[in-house]
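Atoms within a ligand are numbered from 1 in the order they appear, just like the ligands themselves. Since the structure is predicted, the reported quantities are computational estimates derived from the model, not experimental observations. Start at 1 with the first residue, then count along the sequence.
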Amino acid sequence: MCFYEQIVYGCGDFKWGHFRQHCNREYRIGEVCGMKLVYQSAQENHLCKVCEKLNTKYRRRQTECERIERWQREGSRQASIEKSMELIYQLDREIQTLLAERERRGGGMAPVAYA
Ligand SMILES: [Zn+2]
């Protein structure tokens, strides 16, 4: 177990920063072991990059949904509606990819073990 800086974002996700300290076990051989622990934690107010992207895509999706609703009420612009639906479909796929990426990174479960 070796100790690293940790950055925690407003959304609860985190990322590892600089390496700070070897653990006792690995100190002698001068290598970093695979297990990361928190040396010091810094809180950032803004969202992590993945959540920021997700937010943008959710907003975009919402806008498209509202446009479709309006066009359907007006009973016109079938071509625009189809184009919008296509875009929503694409956004959904991008959102799925981002959610999977967030999951892979540990999705908001910041470990709390301090040096
Ligand atoms: Zn996040």
Novice: Side chains of Tyr4 and His18: does their closest heavy-atom pair fall under 4.5 Å?
Specialist: no
Novice: What are the two closest heavy atoms between Tyr9 and Cys48, and how far apart are they?
Specialist: CD1-CB, 3.5 Å
Novice: Taking 2.8 Å as the cut-off, does Glu52 contribute an N, O or S atom near the Zn ion (ligand 1), distance below it?
Specialist: no
Novice: Could you tell me whether Glu52 and Lys49 have a side-chain N and a carboxylate O separated by less than 4.0 Å?
Specialist: no
Novice: Working to 10°, measure the angle at the Zn ion (ligand 1) formed by atom OD2 of Asp13 and atom SG of Cys11.
Specialist: 110°
Novice: Specify the closest pair of heavy atoms between Gly17 and Ile7, including all atoms of both residues, with the distance to one decimal.
Specialist: CA-CD1, 4.2 Å
Novice: Would you give the angle at the Zn ion (ligand 1) between Cys48 atom SG and Cys51 atom SG, to the nearest 10°?
Specialist: 110°
